[in-house]
Structure formats: C-alpha cells, structure tokens
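Position 1 is the first residue of the sequence; numbering continues from there.
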Amino acid sequence: MSEDCQKIGDCADTRIQRLYEYLDGALTHRDLEEVKGHLEECTECAGEYDLECIIRSVVKRSCTEKAPSTLKVSIMARISEIKLEAGH
C-alpha cells in the first residue's frame, strides 16, 4: 500500500472507483498520470487493476461467442411444439 493510500485509510473504496474510470478512459490527462503513478507505487491497487483487466477481458471474450446453430434449430422446434400443445 502506498503512503497516499495509508493517508486515506485504504485503497478499497476511493481508489477502486478511480481504477474503473482509468480503465474506461474517463479521466483527464492529469488524472490519468496520477492514477498511473499510483499503480506503479501501490501493489494493492496494481493487483486490483490486474484483476479488473482479466475480468473485462473474459467478459469481452464471452460477449463475442456465438451459440451453435443447432441450438437455434432446437429452440425453434421446441417453440413450435409448445404452440401446438397450447392450441389443443
């Protein structure tokens, strides 16, 4: 934990929000440099940064995966069956 984090108690709340903004590119140039410098000094925040990068990577990858075409066929077949059953 850096001296800066010790002054605010810990990094958990205040710094984590800044990490999200840093990763989202939602900071000014000055703030980007401040957070980048902090990450170089604070192993706790650097670990949180690494974890968030992994999480974002996994989420991004999973959002691009496509279901197999056979799944669509089986779902549509089941919908047709349910419609037929409901009509009787």
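The line from NE2 of His38 to CD of Glu33 is 14.5 Å long, rounded to the nearest 0.5 Å.
Screening residues 45-55 for salt bridge (Lys or Arg N to Asp or Glu O under 4.0 Å), with sequence neighbours left out, gives Glu52-Arg56. Sequence neighbours left out, the pairs with a member in residues 49-84 that pass ring pair (Phe, Tyr, Trp, His ring centres under 6.0 Å) are Tyr22-Tyr49.
In this structure, the side chain to side chain donor-acceptor pair (under 3.5 Å) partners of Arg78, at least two apart in sequence or on a different chain, are Glu81. Shown here are the salt bridge (charged side-chain N to carboxylate O under 4.0 Å, His left out) partners of Glu21, two or more places apart in sequence or in another chain: Arg18. Shown here are the side chain to side chain donor-acceptor pair (under 3.5 Å) partners of Thr28, two or more places apart in sequence or in another chain: Asp31. Applying the side-chain contact (heavy atoms from CB on, under 4.5 Å) test to Val59 and every residue at least two apart in sequence or in another chain returns Ile55, Cys63.
A donor-acceptor pair is defined here as one N or O able to donate and one able to accept, closer than 3.5 Å; no such pair exists between the side chain of Ser57 and the backbone of Cys53.
Val35 approaches Leu27 most closely through the heavy-atom pair CG2-CD1, 3.8 Å.
Put simply, Leu19 and Leu51 are part of two different groups of oily side chains (I, L, V, M, F, W, Y) that touch within less than 4.5 Å, one to the next.
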